[in-house]
There are 2 protein chains.
Amino acid sequence: MEKVEYNLDQVDLQILRIMQQNARTNNADIARELGMAPSAILERVKKLEHKSVILDYHTQINPDALDQKMLSFIFIKSHDNIGDQRVGLLLAKIPEVLEVHDIAGDDGYLIKVRTSDSGGLVDLMRNTLSQIEGIISTRTTIVLETVKESHKLVIPNS
Amino acid sequence: MEKVEYNLDQVDLQILRIMQQNARTNNADIARELGMAPSAILERVKKLEHKSVILDYHTQINPDALDQKMLSFIFIKSHDNIGDQRVGLLLAKIPEVLEVHDIAGDDGYLIKVRTSDSGGLVDLMRNTLSQIEGIISTRTTIVLETVKESHKLVIPNS
DNA sequence: TCTGAAACACGCGAAGG
DNA sequence: CCTTCGCGTGTTTCAGA
């Protein structure tokens, strides 16, 4: 892993705070709030994108509206050795698999999966997961209801 | 739970597909891509927001840049009865707790937590989680590395 | 790294089919 | 539900401090 210096100052943090709250806030509004010229904000945002501090601008869509009512977490034990992520990378390619985390303790992964319903989950496990070589076992946890789903990080005051 | 009709047509799905890819794409660009007038797009986007199909515009920030290198999932058993979410709602109020899911089978919740490091996690569990009445036990899974973290839903072709 | 000017492009509401 | 039109405003580049 490479050492990267991000060197964010107060103004950067304020920009991030505003944009995390609403990614569509325009430069002019941010500039007014911070008492700066819009072009200065533009420059900083471009830099934050280049430094990979800002990774993406994303529209959060209601899963129900797209008929993806089912959310599950699946623990997957694999033959992957430490540092190897062959199975993890294959899992990451599946569109319904939104997250893949390499976890401690179990030689395994935790993945987050959205499907239309339980049938969709069964299909995914039968048709897609079972095709991946090196999976030893799975344990599925089904979400009944999501109380909170935020992507907003805690941004420090300094 | 109320029955809601979303009634999304092809144009709506295309708009969602574009905006999910980049929330900052402007109406004019979307209009060009779909061969429509910008104001028609504006109208539809507003409607999608009102119908809660679009929930949020969010800037995804690199957690490393904000010194939040530690990600954990914690299973929490509680005294909450079915349909009751007292503990869940209290968990949801904690800023470091990004997600709270009511899960099947264990009278419990699965939460996703970001902290600066393992010390931050210990602090959270000692100082904050332990203050919540009704938690019976916790089981923590530590993420060593995240292979994929997307928030993009699969948008159907029709 | 900022400001300010200038050219260009977009947002967004009105009016109409 | 769409288009066209128009004014006010935002975006972006560049020179200069």
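The sequence lines fix the lettering, A, B, ..., with proteins before strands; numbering per chain opens at 1. Given the structure is predicted, the values throughout are model-derived calculations rather than measurements.
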Side chain to side chain donor-acceptor pair (under 3.5 Å) involving E149(A) - partner list, sequence neighbours excluded: K112(A), R114(A)
Listed partners of E49(B) passing side chain to side chain donor-acceptor pair (under 3.5 Å), at least two apart: Y57(B)
Side-chain (N127(A)) to main-chain (L124(A)) donor-acceptor, under 3.5 angstrom: no
Members of residues 53-62 of chain B that approach DNA chain C, where some heavy atom sits under 4.0 Å away: none
Inter- and intrachain pairs under salt bridge (Lys or Arg N to Asp or Glu O under 4.0 Å), touching residues 125-144 of chain B, at least two apart: none
Heavy-atom contact window of chain B on DNA chain D, given 5' to 3' at under 4.0 Å: dC1(D) to dT4(D)
Contacting residues from residues 32-48 of chain B, given that a heavy atom lies under 4.0 angstrom of DNA chain D: M36(B), A37(B), S39(B), A40(B), E43(B), R44(B), K47(B)
ring-ring contact (aromatic ring centres under 6.0 Å, His included): pairs with one or both residues in residues 101-127 of chain A, sequence neighbours excluded: H101(A)-F73(B)
Any residue meeting side chain to side chain donor-acceptor pair (under 3.5 Å) with N27(A), in chain and number order, not counting sequence neighbours: none
Salt bridge (Lys or Arg N to Asp or Glu O under 4.0 Å) contacts touching residues 69-96 of chain A (sequence neighbours left out): D67(A)-K69(A)
Salt bridge (Lys or Arg N to Asp or Glu O under 4.0 Å) partners for R32(B), two or more places apart: D29(B)
Given DNA chain D, 5'-ward residue of the pair V11(B) and R24(B), judged by closest heavy atom: V11(B)
Partners meeting side chain to side chain donor-acceptor pair (under 3.5 Å) with Q21(B) (sequence neighbours left out): none
Pair listing, ring-ring contact (aromatic ring centres under 6.0 Å, His included) test, anchored in residues 78-99 of chain B, at least two apart: none
